[in-house]
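Report on one structure; see the data block that follows.
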Amino acid sequence: MVEELWRQLTVASVYMGIVVGAGFASGQEVLRFFSVFGMRGFWGLLLAGLFFALLGWSVLQIGHEQQARSHRPVVFAALGHTAGRIMDLFITLTLFGVFTFMAAGAGAVFEQQYGLSAWLGSLLLIVLTVATILLGFGSVIRSIGIFAPVLLLAVLVISFQSLLRHSDFSAPLDLRTAVQPPIAYWPLSSLIYVSFNFVLAVAVLAPLGRGSQTHATRIGGAVLGGAALFLAALGIHLALLAHLPTSAQVDVPMLAIAETISPATGTFYGWIILAEVYTSAVGSLYGFTARITDSLGVPFGATALWSGLLALAVSRLGFTTLVETLLPFTGLLGLFLVGGLSFWFLRRTSRNLMRYDYGAFRQFISYRSRRKS
């Protein structure tokens, strides 16, 4: 029992570690996809948490059944071979885009928190990420899962403390003058947020499902991961609303909120953000490098090095600029993957229900026959 729970928590930690990163931990993603809608953003967060649980189990289950070593078998199972090939290419390119996004996020934290060059922060993250993935998939999983529980606890504590100090929700909620939502309809904004993050998550969850031995591990890990993501995002959402309009005017709003508690809290949370940026960067760069290596037959190490150099150049566009452009575009295209996985889930669930009902019907008929005889 304890061992099974530990396996589920491990899967949940890795799942959460894949999704969170510069945009999530900084508050930018929650601000633009949920808080911009005011208190209605709560329903968007709840919808996102449910989809994370459902889609997470679907990918883990397909990965186990297909014994997947990459996202490719999962994409093909959800979308078929023709659409799967297109989505496979899209995911591969997105993995590089997310890695660049994480590098820009590290630069933003270095600049806002420490007054150092954003270029230096991006460079340090890229060097550390490249070094990590060269150690193999086991190192990637360990680096992703270890920091997620720390982030969840830190977000909840900082949000609770900030709400005790500043719990005024009466500030004007017309954020559109300062922040433009990617989609002006909150349910669709929630789905786009999920689809963007899941394009990255599928690259790690698929091989993770391959190694999971029991159905309880897969479904429990997915549900716990979705619940943890919901709780962390809800804490950020409430803190952002309580600190308007300041929270909508900075690159890293959660860092600014942490600094209102104390300078030491701000410094601590700055390191938490950098740790989560690192875990997402590791997952995205590993997925991209492995896929390119398999397709082109080029050396893994050389691909990782050149990818890091190119990401360093692109990250100069800036963190906020990448949030405004990369997330909505990737999220819209990622809806096809979310739709395919949702259809797979519904098809599998309906087939299992029919099998169960038919089995129950046969038992009932058999019981009636025995009584008559």
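Just so you know, these numbers use all the heavy atoms, side chains as well, and skip hydrogens, waters and symmetry mates. Small disclaimer: the values here were computed from a predicted structure and weren't measured.
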Any donor-acceptor N/O pair, [X] side chain to [Y] backbone, under 3.5 Å:
X      : Y      : value
Ser26  : Val252 : no
Ser284 : Ala281 : yes
Ser159 : Leu156 : no
Ser189 : Trp186 : no
His237 : Ala233 : no
Ser122 : Ala103 : yes

Going only through I, L, V, M, F, W and Y residues with side-chain contacts under 4.5 Å, is there a path from [X] to [Y]?
X      : Y      : answer
Phe99  : Leu135 : no
Val150 : Val14  : yes
Ile146 : Leu153 : no
Leu134 : Val140 : yes
Leu124 : Val130 : yes

[X] to [Y] - nearest heavy-atom pair and separation:
X      : Y      : answer
Ser143 : Tyr278 : CB-OH, 3.7 Å
Val59  : Ala206 : CG1-N, 3.7 Å
Met102 : Ser280 : SD-CB, 3.5 Å
Leu341 : Ser58  : O-OG, 4.0 Å
Ala148 : Gly17  : CB-N, 3.8 Å
Leu205 : Leu60  : O-CD2, 3.5 Å

*Summary of salt bridge (charged side-chain N to carboxylate O under 4.0 Å, His left out) pairs that have at least one residue in residues 125-147, sequence neighbours excluded*: none
*Under 6.0 Å between the ring centres of Phe345 and Trp57?*
yes
*Is the number of heavy atoms from other residues, nucleotides or ligands under 6.0 Å of Leu310 CG greater than 12?*
yes
*Mark yes when over 12 heavy atoms from residues, nucleotides or ligands other than Phe300 sit less than 6.0 Å from its CZ; otherwise mark no.*
yes
_Let's go through Gln61 and Trp344 carefully: what are the C-alpha distance in whole Å and the side-chain angles of both, what is the deciding distance for side chain to side chain contact (heavy atoms under 4.5 Å, CB included) to 0.1 Å, and is it a yes or a no?_
CA-CA 11 Å; Gln61 185 64 29; Trp344 181 91; 3.8 Å; yes
*Name the orientation class of the two ring planes belonging to Phe198 and Tyr15 (parallel below 30°, tilted from 30 to 60°, perpendicular beyond 60°).*
perpendicular
*Result of checking Leu234, Ile236, Leu240 against Leu238 for side-chain contact (heavy atoms from CB on, under 4.5 Å)*: Leu234
*With side chain to side chain contact (heavy atoms under 4.5 Å, CB included) as the test, would you mind laying out the steps for His64 and His215 before giving the verdict?*
CA-CA 9 Å; His64 177 74; His215 179 74; over 6 Å; no
*Passes side chain to side chain contact (heavy atoms under 4.5 Å, CB included), Leu152 versus Met16? Steps please.*
CA-CA 9 Å; Leu152 176 60; Met16 184 179 179; 3.7 Å; yes
*What's in the same ILVMFWY side-chain cluster as Leu309, cut-off under 4.5 Å, chained through other members?*
Trp306
*asked:* So Tyr193 and Phe34, do their side chains get closer than 4.5 Å, heavy atoms only?
replied: yes
